[in-house]
Structures are given as C-alpha cells and as structure tokens.
Amino acid sequence: MKKYDVVVVGSGPVGSTFARYIANEGYKVVILERKREIGVPLQCAGLLGKRIKDLNILPDEFILNNIYGAYLHSPSNNILKVGRKDPEAYVIDRVGYDKFLAEQAVNSGAEILLNHKVDALNIKTGEVRVSSGDKCFQAEIIVGADGYASIVSEKFNPKSKSVIAAQYLLDMGGDVFDTDHVHLYANSQLSPGFLWIIPVSKSMARIGLFAKMDYNGLNQVLKEFINSDKSYKNASILKKYHGFIPIYDSKKKLVKDRTILLGDAASQVKPTTGGGLMIGFECAKMAADTVSKSLQRQDHTILIDYENGYKKRFKSELRVQLEVQKIFESLTDEDLDQMFLKLKKGNAEELISKYGDMDTQSTLITEMIKNGLLFSIVPRLLTRRIGSLWK
Ligand SMILES: Cc1cc2nc3c(=O)[nH]c(=O)nc-3n(C[C@H](O)[C@H](O)[C@H](O)COP(=O)(O)OP(=O)(O)OC[C@H]3O[C@@H](n4cnc5c(N)ncnc54)[C@H](O)[C@@H]3O)c2cc1C
C-alpha cells in the first residue's frame, strides 16, 4: 500500500489547485482521477469574474473573450443594460484551463493518476481504494474534491442534491454578437435558474440554462428559444453539453476525522448563479493552509479550522444569495416584468453598474435597501426578510 501525506480525490480545477498548494509546501500528494482525460467533457459556461486573477493563476492564453457587462432580460423583454469601462469577467477555455491547473500541480510535485476511480474509503483510517486493479492508498489526510456526487461526502453527509444545466456551442454563420456583453434571461419557468448567452467570439456563443427540470425539458426550452428568434435562423449547434450543479447546503459538514471536502463536493457554489470556481479556488487556499498545519502538528482535530474559516468568510453572503434565490422562485412572469420596469425607472442600471458584482450580491442589496429601491420592487414582507439578514 502506497503512503501519502494527502490523497486528493478528483482532479477538477479545485482539487488540482489545492494539490498545487499543498505540494508546494513539500508534502507528498497524489490525485486520484476517474477520467482518462482531465477536463473532458466540458461542463461549464466558463464565465469567471475579474477577481479570478487574485485567486488563481490564469494565463492570458486561456481567456477567449473579455466581458464588460450584461443585458438582463425580463420575460416580456424589458431590458436592463449594466456594465463598466473595464472587463468585469472573462470567458475562458475551461478544458484547457483544467489541464493547465493539473499540470501546475504536477510541476509542484503532486502525482496524478488518471483512470483511477475511487470506490471505497475509510475516513478514520485513511485507506482509499480504487476500482481499477484493486489498488489501495494510505492517506494521512483525505481531500474529497470529487464534484457534485462526491463519494467522499457521502461518508459523513446525506446524498447531495443537484440541478441539471444544459449548454450548446452555437455558430451563427456570421458576425452577430456584441462580444462585450453577456445576455441573461429570467422567467418564472426557469426561476431560480436562468438562460445565458455568453459570446466566445462575434460569431460563436455558449447558450445554456439551469433550472429545476429534467434534461429533455432544458433542451426543449433551449430549442424554443433559438427557434423563436429570427437572428438565429442560420445558427448551427456545434456541440451539446450538460452537467450538474450542486445545490448549496448550509448544513453540510466539511470535515470529519482525517477527511475534508472541497469545491462542488462541499457544495461551495453561489446559489444565485451556480458558479463554483471562484469560491472553490478561495477555499482551496484556506483548506491547504489548514491541512498544512494539521500535517505539521500531526493533529487531525485542527482540520475543523477550515470549516469554521469557510463559514466565517462565506456564510452571510451565501445566506443573502439564498434569500434572493427564494424571492426569484416566488415571482410570476408579471412580477418579474414589473420588477424590471421599476428597476429601470429607479435608475437601477447605474446602481447595478456601480455596486453589482458577479460573485458578491450583498453589497448591491445593501445599496438598494439604503436608497429604497429594493423596497419598491419586492413586497414589504420580503424586504424585511432581506433587511433582517444584517441585524
Ligand atoms: C453547464 C455548467 C455551467 C457552469 N458554468 C460555470 C461558470 O460559468 N462559472 C463558474 O464559476 N462555474 C460554473 N459552473 C460550475 C463549475 O463548473 C464547478 O463549480 C466546478 O467545476 C467545480 O470544480 P471541482 O473541481 O470542485 O469539481 P469538478 O469540476 O466536478 O471535478 C471533480 C473531479 O472529480 C472526479 N471524480 C468524481 N468522482 C470521482 C471518484 N469516485 N474517483 C476519482 N475521481 C472522481 C471527476 O471526474 C472530476 O474530474 C458550471 C457548471 C455547469 C454544469
């Protein structure tokens, strides 16, 4: 049985980033990855807020497009345009980026074993078993970075819940997209999910959605959307993708015995958008700092500092986002249309452009409460519920 300081289950972007940090500290690390090829198939829209550059290495070669703002569409197509002078987000080549992050982990000294699906583990003894070849690994610490259906999480949490997301890569057959802006469409059928158009170039875009529906339902919505708009008449679907987004679970335990969870496996996703990379990368650093301390002092009880630190850093932002999500879920198409009209009238485009942030909604909501705009767009009861989050 091979012995390691850390066995990481899953070489997704978050697991690879964690492994890089911990290998850089000089610890013996192996990543066990069930896929034959890292990052394939693509299961991401690849939109990352500009803060990514503070949270992880992102070489320019993986940035396909810069995004300056968004068009937000109501069900009857009332539109809010928000944005800034400088790029707010990047559209990335996610497959290339996943491979790059794995390479960085290897360059830092981590070992990656592909085609190694973990099918059994003991979170008390640190024994990890892989189905192919009946191999066994001994870990001082196990890190579950194995995504939405984490086998590691199931050792000390109930089965995780998730929603499906579907996406097409569209070629429009000509230059039609404004590459500076994404389009986001809200309606009650999809809420709290939404439909997105993310331009990769003037002629190509990722168009996708997530909602509480099955895969056929999502495809139906996407096809109807494409067929309903004349500008898509020459469009061809180059690729179809789908994937699962974990539902954020505030009760999930992230640490037990000598084991921790990270990334989608820990449901570290923004409830409003389903985005998991930014929060996952930040947590990878927090986890690596704690795991390093635990290994240094040979004390597993220290691992709980990671869970406590994560909650301190993210709990209130995620709570706000959960409330926003619940509100959206309760609104009809009419409510949404009214809300967009009131927002437009209340000069919300300027407010959102100034205080809006892809990853943090609490700052914008605080500003909307301060100037009374929130009070005017959602029923009084809901406003009080959001307001009380700050008490
Ligand atoms: C359609 C779609 C669009 C999205 N768009 C965005 C976006 O624009 N921006 C954003 O920030 N986020 C987005 N996300 C979410 C984002 O993709 C995830 O949050 C991110 O991939 C999480 O990274 P991770 O490393 O935690 O998990 P994953 O990327 O899921 O990686 C987990 C790895 O573990 C491996 N694994 C699983 N089980 C085992 C096992 N038993 N043994 C060994 N290996 C195992 C898997 O093969 C995988 O490689 C999107 C998700 C979907 C589905």
Side-chain angles (χ1 to χ4, degrees), residues 7-19 30-49 51-52 55-56 67 89-92 94-95 97-99 101-102 105 112-121 128-132 135 137 142-155 160 162-169 182 184 193-196 198 206-211 215 218 222 240-246 248 261-270 272-284 287 358-359:
V7 171
V8 180
V9 185
S11 194
V14 180
S16 296
T17 299
F18 168 85
V30 65
I31 313 181
L32 304 174
E33 168 55 55
R34 71 174 171 195
K35 289 181 183 169
R36 285 170 196 276
E37 187 178 350
I38 285 169
V40 178
L42 172 71
Q43 288 171 334
C44 188
L47 188 68
L48 294 179
R51 224 164 49 86
I52 174 70
L55 298 179
N56 211 338
I67 298 295
Y90 307 108
V91 183
I92 64 157
R94 174 68 203 267
V95 174
Y97 191 45
D98 281 20
K99 288 186 200 296
L101 291 174
I112 296 187
L113 299 174
L114 298 178
N115 204 14
H116 276 60
K117 180 173 184 256
V118 170
D119 64 0
L121 65 144
V128 180
R129 284 191 176 274
V130 164
S131 48
S132 57
K135 284 187 202 148
F137 299 80
I142 301 171
V143 176
D146 48 340
Y148 77 97
S150 168
I151 183 181
V152 183
S153 169
E154 280 178 22
K155 289 286 162 191
S160 310
S162 54
V163 289
I164 306 193
Q167 181 171 267
Y168 297 164
L169 178 64
V182 297
L184 304 175
F194 56 90
L195 189 148
W196 62 80
I198 298 176
R206 293 171 183 162
I207 164 168
L209 78 168
F210 79 93
Y215 180 63
L218 295 179
L222 273 180
K240 286 186 182 181
Y241 314 94
H242 76 278
F244 293 83
I245 296 179
Y248 165 65
L261 300 176
L262 192 54
D264 275 13
S267 89
Q268 287 165 340
V269 291
K270 291 173 283 175
T272 47
T273 65
L277 288 172
M278 308 283 280
I279 177 169
F281 289 153
E282 201 170 331
C283 290
M358 261 187 62
D359 301 297

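Numbering starts at 1 and runs along the sequence shown. Indexing begins at 1, ligand by ligand and atom by atom, following the structure's order. Because the structure is a prediction, the values reported are computed rather than measured.
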Is there at least one pair of N or O atoms, one from [X] and one from ligand 1, spaced under 3.5 Å apart?
X	result
Ile151	no
Arg34	yes
Gly276	yes
Gly46	yes
Val14	yes
Gly243	no

Practice task
Please work out whether the ring planes of Trp196 and Phe210 are parallel, tilted or perpendicular, with thresholds of 30° and 60°.
Solution key: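 Ring orientation, 0 to 90° scale: tilted.
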Practice task
For the residue pair Tyr97 and Phe281, categorise the inter-ring angle as parallel (less than 30°), tilted (30 to 60°) or perpendicular (more than 60°).
Solution key: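 Plane angle over 60°, so perpendicular.
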Practice task
Count the heavy atoms of every other residue, nucleotide or ligand shown that sit under 6.0 Å from NZ of Lys117, and state whether that count exceeds 12.
Solution key: no
Practice task
List the steps and the verdict of side chain to side chain contact (heavy atoms under 4.5 Å, CB included) for Phe137 and Val130.
Solution key: CA-CA 8 Å; Phe137 299 80; Val130 164; 3.7 Å; yes
Closest to [atom] (judged by heavy-atom distance), picking from [options]:
atom	options	answer
atom 29 (O) of ligand 1	Gly49, Ala45, Gly147, Pro13	Pro13
atom 49 (O) of ligand 1	Glu33, Lys35, Gln167, Lys117	Glu33
atom 7 (C) of ligand 1	Leu47, Leu261, Ile164, Asp264	Leu47

Under-4.0 Å heavy-atom contact with ligand 1, by part of [X] that carries it:
X	value
Tyr148	neither
Leu48	side chain
Ser150	neither
Leu32	backbone

Can you name the atoms of ligand 1, numbered from 1 with element, that are less than 4.0 Å from a heavy atom of [X]?
X	result
Gly12	25 (O), 31 (O), 33 (C), 49 (O)
Gly263	26 (O)
Phe244	53 (C)
Ala145	32 (C), 33 (C), 34 (O)

Exercise for the section: Give a yes/no verdict on whether any heavy atom in His116 is under 4.0 Å from an atom of ligand 1. Expected result: yes
Exercise for the section: Answer yes or no for Arg94: is there a heavy-atom contact with ligand 1 below 4.0 Å? Expected result: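 Checking ligand 1 against Arg94, which is what was asked, there is a heavy-atom contact under 4.0 Å.
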Problem - Test of ring centre spacing under 6.0 Å for Tyr168 and Tyr241 - result: no
Practice task
With the side chain counted from C-beta on, respond yes when Lys155 and Leu121 share a heavy-atom pair under 4.5 Å apart, and no when they do not.
Solution key: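 Yes, side chains in contact.
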Problem - With Phe18, the side-chain contact (heavy atoms from CB on, under 4.5 Å) member among Val8, Ile31, Leu101 - result: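 Between Phe18 and the candidates, side-chain contact (heavy atoms from CB on, under 4.5 Å) is satisfied uniquely by Val8.
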